[in-house]
Structures are given as C-alpha cells and as structure tokens.
**Student:** 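Below you'll find the structure I mean.
Below, chain A is the first sequence line, B the second, and so on; all start at residue 1.
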Amino acid sequence: MPVLTYREALNQALREELARDPDVLLFGEDVAEYGGSFKVTQGLLQEFGPRRVLDTPISEAAIVGTAVGLALGGLRPVAELMTVNFALVAFDQIVNHLAKMYFMFGGQCPMPVTIRAPGGGGHQLGAQHSHSLEAVFSHFPGLKVVYPSTPRTAKALLLAAIRDDDPVLFLEHEGLYNDKGEVPEGLEPLPLGRAEVVRPGEDVTLVGYGRMARLALEAAEALEADEISAEVVDLLSLRPLDWDTVAASVARTRRAVVVEECWPRCGIGADLVAGLCDRVFWELEAPIVRVSGEDIPAPYARELEQACIPDPAKIAAAARRVVDA
Amino acid sequence: MNRQEVLRAYRQMRLARAFETKVAELYQKGRMGGFSHLYTGEEAVAVGALWPLRPDDHVLGSYRDHVYLLVRGTDPGAVMAELYGHSDGCCKGLGGSMHLYDRERNFHGGYAIVAGECPVAVGLGLSVKYREGDQVVVCFFGDGATNQGVYHEALNMAGLWKLPIVFVCENNEYAIGTSVERSSAERNLARKASVYGMPAEAVDGMDFFKMVSAAERAVARARRGEGPTFIEARCYRYRGHSMSDPATYRSKEEVEFWRGRDVLEKLRGQIRHDFEVPDEEFDGLDAEVREAIEAAVAVAEAGRELSLEEARKLVYVRP
Ligand SMILES: Cc1ncc(C[n+]2csc(CCOP(=O)(O)OP(=O)(O)O)c2C)c(N)n1
C-alpha cells in the first residue's frame with residue numbers, strides 16, 4: 001500500500017477533486033505560485049492553471065466571503081486560510097454568514113464550502129500563532145468541523161468535505177504534515193461525523209482528535225507496561241460528533257480520559273464529559289478525566305510551551321488515575 | 001545633520017545589521033525557535049522614520065520587529081534573551097521574535113497578525129489627543145497589510161479624527177511569496193492611502209536622509225495637531241520572508257540589484273565624503289557594535305526560561 005505524508009495525502013485529495021469536478025476551485029494566500037505556506041497545494045497551479053487555483057491578497061474576511069458568494073454561484077470553493085489563527089480575522093464571515101445562511105434563508109442556499117486551516121501549537125510561534133480553535137468553531141450549528149489525525153483520514157475526510165453540501169472547517173495539525181502512513185489507492189471519502197476505534201482495549205477509553213488522537217495511541221502503548229488495556233477513539237469529526245461510537249466504547253470500558261489540545265474552559269473535553277454523562281453516567285466506574293492544553297495563552301519559550309500541550313505521559317498518568325479510582 | 005548625528009545613524013544601522021546577522025547564525029544553530037523575520041536591507045526605514053522621535057513618542061510594528069527596539073534603545077541583550085525564550089527577555093520569553101514589547105521605551109508591540117497594529121495605533125493616537133499631548137505615534141507595517149480590511153478601517157478613523165499618527169508602509173515588494181503587483185489593485189500604495197484624509201507620499205526607503213526628511217515633516221505635522229501622514233518606504237528585504245523561506249520566487253538579478261544599493265554602504269560613503277570621517281573611525285564603531293552583540297549573546301546564553309508556575313501568574317493582573 002502506498003505510504004504518504006499527511007501533507008501529500010491532502011495534496012492528493014485536492015488534486016483528485018479538482019480533476020473530478022470542474023466546479024471545484026482552490027484559493028487563498030500563497031496557495032498558487034508559492035505552493036502553499038505548508039506546501040499542501042504544491043504543483044496544483046501547474047496542473048490546473050490559474051482559473052482553478054488562485055492566489056489572493058492577505059484578506060481573510062474577503063476570502064471567506066468570496067467562498068460564500070462562489071457557493072451561491074453554484075461552485076464548490078476550497079479556501080485555504082494560511083493558519084487557523086487568521087480565521088479569527090474572518091470570524092464574522094464564517095459565523096454570521098457561512099454557518100447560518102442555509103438555515104436563515106429557509107434551506108434555499110446550500111453552502112458547499114470547504115475552509116482548510118492549519119493550526120495547533122508546538123512550534124514556538126507565540127500566542128498569536130499557536131491557537132487551537134477547534135472548540136470555538138465547534139460551537140456553531142451549521143458549520144461542520146473536521147480534524148484528521150493520519151494521512152489516510154486526512155485524504156478521505158478532505159474528499160468528503162469537498163463533496164459535502166454544507167460548510168466544513170477542515171482543520172489540519174501543523175505538527176502532522178510530515179507524518180507518514182498508508183493511504184490505499186482509490187480511497188473512498190469517509191463519511192463526516194463518524195469516529196473510529198483505532199485501538200481496542202478493555203480497561204479505559206482514551207478519546208482524542210487530530211494530533212491528540214496520535215498521542216492517545218502512544219499513551220495506550222505505554223500503558224501496556226502497566227497491564228492497562230486502553231481503547232482509543234479518534235473523533236475525526238468534532239461536529240457533528242459520533243456520540244454512538246464514543247458512548248458505546250465508554251459504556252464497555254466504563255472509564256474514560258478525554259484529550260484536547262484546546263483550553264479546558266468551554267472546550268471539547270468539557271463538552272465530551274457532559275455528553276457522556278448524559279449517555280452513560282450509570283455505567284461509569286470513575287469520574288471522566290480531561291487532559292487539556294494549559295489554561296494560559298501559548299508561551300514562546302520552548303520548554304514552557306511544551307509543558308502547556310498534552311503529551312503521552314500526561315495522558316497515561318490520567319488513565320492510571322482513572323483506572324485506580 | 002552634524003558629524004556626530006550621522007555617525008549615530010551609522011552606528012544604529014550597523015547595530016541593526018549585525019544583530020540580524022547574528023540572529024540568523026544562532027537560529028541556524030538551534031539556539032532559538034519559532035518564526036524569525038529579519039529586517040536586513042530595510043535598516044534605513046526604521047532608523048530614518050524613528051529619527052525625529054522623542055522618548056515619549058509611541059511606536060508599534062509587525063512581527064519583523066527586532067530592529068525597532070534596538071533603534072528605540074532597548075538593550076540588545078533583552079531582545080536577544082527574548083529570542084532565546086528566557087525570563088530576562090523583554091517579554092520574559094513569553095512573546096518571542098514576533099511579539100516584542102518595551103513599555104519603558106514606548107515600543108508597544110510586535111504583532112503577528114498582519115495589520116493588527118494599525119487600529120491599535122489609532123487608539124494610541126486618540127489617547128494622545130484625549131490628553132491633549134503632543135506625542136506622535138509611528139506605526140510600521142508591510143505592503144501586504146494594505147490589503148486587510150482593518151487597515152482601511154484604521155486609516156479612515158485616523159484621517160477622520162486627525163490623529164497624530166505616522167503610518168510607515170515598508171513596501172519591500174513582497175508579502176511572503178506574493179508581489180505587490182499580484183496582490184494590490186492599486187500598485188501605488190501612497191495613492192491607495194491618500195483617500196483617507198491624509199497626505200501620502202512614496203519615499204526611497206534605501207536612502208536614509210530621504211527617510212529622515214519625510215519623517216520629520218510627518219512628525220511635525222502630527223505635533224501641530226494636523227493629523228496623520230502616510231509614508232510608503234520603497235525598500236527591499238535581502239533575505240526570505242522568514243528564516244524558513246528560501247525565497248525562490250525572486251530572481252538573483254533582482255536581489256543583486258537591491259543589494260547593490262545597500263543603505264549601509266551608501267551611508268558610509270556619504271559620511272566619509274561629506275564629513276571626512278577616516279576609515280579607522282568606522283572600524284572603531286564596527287568593533288563597538290560587535291562587542292555589543294557579543295554581550296547580548298552572553299546575556300541570552302546565561303538565562304533560563306520562566307517556570308509554568310511563574311507563567312500562570314501572568315495571565316491576569318488580578319486573578
Ligand atoms: C491576518 C494574517 N494573515 C496572514 C498572515 C501570515 N503572514 C505573515 S507575514 C505575511 C506577509 C506580510 O507581508 P507584508 O505585510 O508585505 O510585510 P513584510 O513581511 O513584507 O514585512 C503573511 C501573509 C498573518 N500573520 N496574519
């Protein structure tokens with residue numbers, strides 16, 4: 001089976017969709033001539049020409065607004081925001097327009113828009129460039145939020161996002177771009193809103209997404225030494241969220257640790273804990289524990305920043321606590 | 001300008017150049033991380049634009065910000081330590097290269113969101129006007145920033161309220177890999193700004209004296225309460241956008257052309273000619289600068305990072 005990086009898998013999905021559907025077009029800052037600031041769109045201008053692959057000025061609000069207009073015009077735009085940090089500059093267009101229009105206008109205007117946005121911390125970029133905004137954007141009904149963790153899921157979910165008639169915020173973790181993994185040829189889109197059990201286990205369920213799903217897997221492997229069998233669920237989609245898969249796993253293992261890169265207050269983890277309590281409270285043997293990003297803006301200093309991001313050791317420690325409870 | 005003043009300008013520019021050269025070297029050795037955007041080639045813009053300022057005037061800029069602080073007089077050791085992420089850095093290691101700050105010298109930030117500083121300059125300008133002071137705000141940003149909505153909102157308000165701001169656009173022709181022709185419907189950025197009720201002119205940013213006289217006029221206007229001015233400084237960055245950009249989108253000839261107009265060489269030639277400064281005097285200044293840089297590196301090397309405990313205490317003034 002071909003082995004690709006996360007970056008190459010995304011590039012392949014974009015290439016296939018551009019080739020398959022003439023209504024798909026790609027645009028954003030430095031996506032065409034420069035090949036994307038993380039090189040995800042490399043080669044696409046050369047292959048599909050400037051009518052399909054366009055550079056824009058540094059104008060995030062207008063980029064998203066343009067995507068909205070293109071969708072109204074019957075096209076399927078894929079816009080890249082150079083990083084998710086700059087989605088905040090476009091926040092109004094994303095939230096007040098893109099996410100609400102289908103509903104607000106009585107179901108008359110589908111919004112087949114995909115917004116790709118790299119993000120996540122760990123590169124010493126300081127507080128304005130290290131945001132993990134998945135919780136913020138998952139707040140809004142009307143928007144779908146996807147966060148793949150491997151090359152295979154990255155490709156399959158991007159195919160699905162582009163073909164989806166609803167607006168999708170497609171989050172990519174900057175720390176995963178060079179990760180390698182098997183991507184089958186002829187891979188089909190993966191339905192949005194479905195989680196995957198990526199490792200079966202008996203004693204505790206570790207729930208993660210994006211890079212956090214990878215770290216949860218590492219933690220699960222480390223827990224083997226303590227004879228703790230951890231099941232790992234990779235959420236893949238944060239909205240809609242596959243409650244059935246998550247709840248079924250937790251109901252079976254009766255213990256859970258949820259891992260989020262974002263801040264803990266009003267975050268993905270808080271939402272998961274509440275949702276699981278609704279569904280499986282009486283099955284639980286122990287309170288659910290969250291492992292979150294440290295509740296401070298991202299510091300620049302190297303070790304300090306690392307201390308603020310969940311890692312396998314913290315996840316494993318949380319799992320031990322839950323199992324010992 | 002007298003002899004002493006031109007030599008001070010030369011020293012500032014030399015310090016800026018040497019600092020950035022050292023940063024590139026240390027960055028490649030892994031002594032610092034993150035994004036690092038160097039100012040090499042654009043020194044005349046910062047040194048010239050800040051020349052007429054008093055210590056109580058205000059300055060803000062983008063993420064390409066090391067040099068502004070050096071010109072304002074921040075200790076190079078505090079800037080270098082910040083790039084190392086150490087607690088004696090000018091932001092205690094929490095800000096890093098893109099988010100520098102020096103309250104004491106009225107340098108109000110380093111902003112890593114393109115054009116993010118423009119409305120902040122409006123607020124500072126309004127604060128000066130509110131207090132009926134005569135301070136001036138100098139706000140630096142790149143050509144790419146002129147395509148942001150908030151940039152236009154900020155210029156409009158500054159013009160409307162006649163705020164004491166000098167907007168200095170460092171037009172180095174590129175926003176990462178995208179040239180001005182490919183990003184701005186109006187290539188003439190002074191003209192693009194001129195509709196917001198302020199005089200706007202393009203200046204050769206590779207000529208220190210031309211930068212100074214444009215800045216002097218703009219600052220005087222602001223002090224008299226006549227409102228903002230826009231200066232488009234035509235310049236060039238010698239290196240890639242940041243340390244991770246090989247800048248393959250530019251031709252060798254283009255880079256050579258600009259390097260051939262190097263501001264430091266040019267200023268040195270002018271001073272040598274007009275003030276008959278002997279080479280030994282330049283060599284002396286250069287040696288002094290080298291020592292200052294070595295001292296800065298020593299400060300940075302000796303430091304340590306803040307602990308998580310200490311950092312947590314900095315989220316709120318009063319938790
Ligand atoms: C709102 C926003 N969008 C995108 C970026 C990514 N980015 C960082 S620098 C840059 C180019 C800016 O170019 P310019 O304003 O000309 O300044 P220069 O770097 O040339 O000094 C871009 C697109 C950002 N930091 N902020």
**Student:** Using the rule given for side chain to side chain donor-acceptor pair (under 3.5 Å), can you reason through B:T178 versus A:D30, listing the C-alpha separation, both sets of side-chain angles and the distance that settles it, and then say yes or no?
**Tutor:** CA-CA 6 Å; B:T178 304; A:D30 279 320; 2.5 Å; yes

**Student:** Of all of B:G95, B:G149, B:S244, which one pairs up most often with chain A through heavy atoms under 4.5 Å apart?
**Tutor:** B:G95

**Student:** Should the heavy atoms of other residues, nucleotides or ligands under 6.0 Å from CD of B:E173 be counted, would the total exceed 12?
**Tutor:** yes

**Student:** Measuring heavy-atom distances to chain A, does B:Q148 have an atom under 4.5 Å in its side chain, in its backbone, in both, or in neither?
**Tutor:** both

**Student:** For A:R302, does its backbone N or O pair with a side-chain atom of B:E305 as donor and acceptor, under 3.5 Å?
**Tutor:** yes

**Student:** With only heavy atoms counted, which part of A:A127 is less than 4.5 Å from chain B, the side chain, the backbone, both or neither?
**Tutor:** backbone

**Student:** Using the rule side chain to side chain contact (heavy atoms under 4.5 Å, CB included), only one of B:V114, B:I176, B:T146 pairs with A:I58; which is it?
**Tutor:** B:V114

**Student:** Tell me whether B:K192 at atom NZ has more than 12 heavy atoms from other residues, nucleotides or ligands lying less than 6.0 Å away.
**Tutor:** yes

**Student:** With a 4.5 angstrom heavy-atom cut-off, is it the side chain or the backbone of B:Y249 that approaches chain A, or both, or neither?
**Tutor:** side chain

**Student:** Where do A:L125 and B:H99 come nearest, in terms of heavy atoms and distance?
**Tutor:** O-CE1, 3.3 Å

**Student:** Rounded to the nearest 0.5 Å, what separates atom OH in B:Y63 from atom CD in A:Q128?
**Tutor:** 12.0 Å

**Student:** Tell me, out of B:S183, B:S87, B:G89, who's got the most heavy-atom pairs with chain A below 4.5 Å.
**Tutor:** B:S183

**Student:** Need one label for A:E294: side chain, backbone, both or neither, based on atoms under 4.5 Å from any heavy atom in chain B.
**Tutor:** side chain

**Student:** In terms of heavy-atom proximity below 4.5 Å to chain B, should A:A32 be classed as side chain, backbone, both, or neither?
**Tutor:** neither

**Student:** Is it true that a side-chain atom of A:E33 and a backbone atom of B:G177 form a donor plus acceptor pair closer than 3.5 Å?
**Tutor:** no

**Student:** Would the number of heavy atoms belonging to other residues, nucleotides or ligands and lying under 6.0 Å from CD of A:Q46 be above 12?
**Tutor:** yes

**Student:** Go through the atoms of B:T248 and report whether side chain, backbone, both or neither lie under 4.5 Å from a heavy atom of chain A.
**Tutor:** neither

**Student:** Evaluate whether atom CZ of B:R182 has more than 12 neighbouring non-hydrogen atoms of other residues, nucleotides or ligands under 6.0 angstrom away.
**Tutor:** yes

**Student:** Within the distance-only criterion (no hydrogens, no angle test), does the side chain of A:Y300 pair as donor or acceptor with the backbone N or O of B:L83 below 3.5 angstrom?
**Tutor:** yes

**Student:** Report, as yes or no, whether the 6.0 Å neighbourhood of atom NZ on A:K180 holds more than 12 heavy atoms from other residues, nucleotides or ligands.
**Tutor:** no

**Student:** Taking side chain as everything from C-beta outward and backbone as N, CA, C, O, which of these in B:Y84 sits under 4.5 Å from a heavy atom of chain A? Side chain, backbone, both or neither.
**Tutor:** backbone

**Student:** So, taking the atom named CG in B:L308 and the one named CD in A:Q306, what distance separates them when rounded to the nearest 0.5 Å?
**Tutor:** 12.5 Å

